[in-house]
Participant: 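Before anything else, here's the structure in question.
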Amino acid sequence: MTRPVDSRPASVKEWRLNLYLSEHDPETTARIVLDTGDNVLETCAEARRNPYDTAAPEIGDELAAGRALVALGRELLRAAAGDIQARGAPEATPPAPLWSARE
């Protein structure tokens, strides 16, 4: 059974995320635009195929999209930290990185 969009409970929010992939061999670029209704965040990331590897576009898509999603997650965490600080909360220890600089 469906119901009109206006009948959703007040506690439910919908954020719109658009993921755009473009491939220009050997590079794939992912661009993400997140619209929260209050703010818009945008991130980009790339993946590059080794010229000696066989072309497999789905791998480039996955790598670029995954990297852009990680970047978006970090952007959201920074935005939340800024909002918390703006409300006068004491400064917290920054979270551990998601991966080491060598990766």
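All values derive from a computational prediction rather than experimental measurement. Both backbone and side-chain heavy atoms feed into the values below; hydrogens, waters and symmetry mates do not.
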Participant: Which value, rounded to the nearest 0.5 Å, describes the distance between Ile32 atom CD1 and Leu17 atom CG?
Facilitator: 5.5 Å

Participant: Please enumerate all residues that pass side-chain contact (heavy atoms from CB on, under 4.5 Å) together with Leu76, with sequence neighbours excluded.
Facilitator: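 Leu76 satisfies side-chain contact (heavy atoms from CB on, under 4.5 Å) with Trp15, Leu34, Leu41, Leu72 only.
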
Participant: Arg78: which residues meet the side-chain contact (heavy atoms from CB on, under 4.5 Å) condition with it, sequence neighbours left out?
Facilitator: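 Expected list: Arg74, Glu75.
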
Participant: Could you work out the complete set of other residues in the hydrophobic cluster of Ile84, with links drawn between I, L, V, M, F, W and Y side chains under 4.5 Å apart?
Facilitator: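 Listed partners: none, Ile84 stands alone.
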
Participant: Please find the pair of heavy atoms, one from Ala45 and one from Ala68, that lie closest to each other, and give the distance.
Facilitator: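 Smallest interatomic distance, heavy atoms only, reads CB-N, 3.4 Å.
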
Participant: Any pair with a residue in residues 27-37 that passes side chain to side chain donor-acceptor pair (under 3.5 Å), sequence neighbours left out, goes on the list, sorted by first then second residue, please.
Facilitator: Glu27-Arg48, Arg31-Glu42

Participant: For Ile59, what are the other residues in its hydrophobic cluster, where any two members join if their side-chain heavy atoms are less than 4.5 angstrom apart?
Facilitator: Leu63

Participant: Which salt bridge (charged side-chain N to carboxylate O under 4.0 Å, His left out) pairs, counting each pair once, include a residue from residues 55-69, with sequence neighbours left out?
Facilitator: none

Participant: According to side-chain contact (heavy atoms from CB on, under 4.5 Å), who are the partners of Ala71, at least two apart in sequence or on a separate chain?
Facilitator: Thr43

Participant: Only pairs under 3.5 Å count here: list side-chain donor-acceptor contacts from residues 49-56, not counting sequence neighbours, and write none if there are none.
Facilitator:
residue, atom, partner, partner atom, Å
Arg49, NE, Asp25, OD1, 3.2
Arg49, NH1, Asp53, O, 2.7
Arg49, NH2, Asp25, OD1, 3.0
Arg49, NH2, Asp25, OD2, 2.8
Asn50, OD1, Tyr52, N, 2.8

Participant: Search all heavy atoms of Ala30 against all heavy atoms of Leu19 and return the closest pair with its distance.
Facilitator: CB-CD1, 4.1 Å

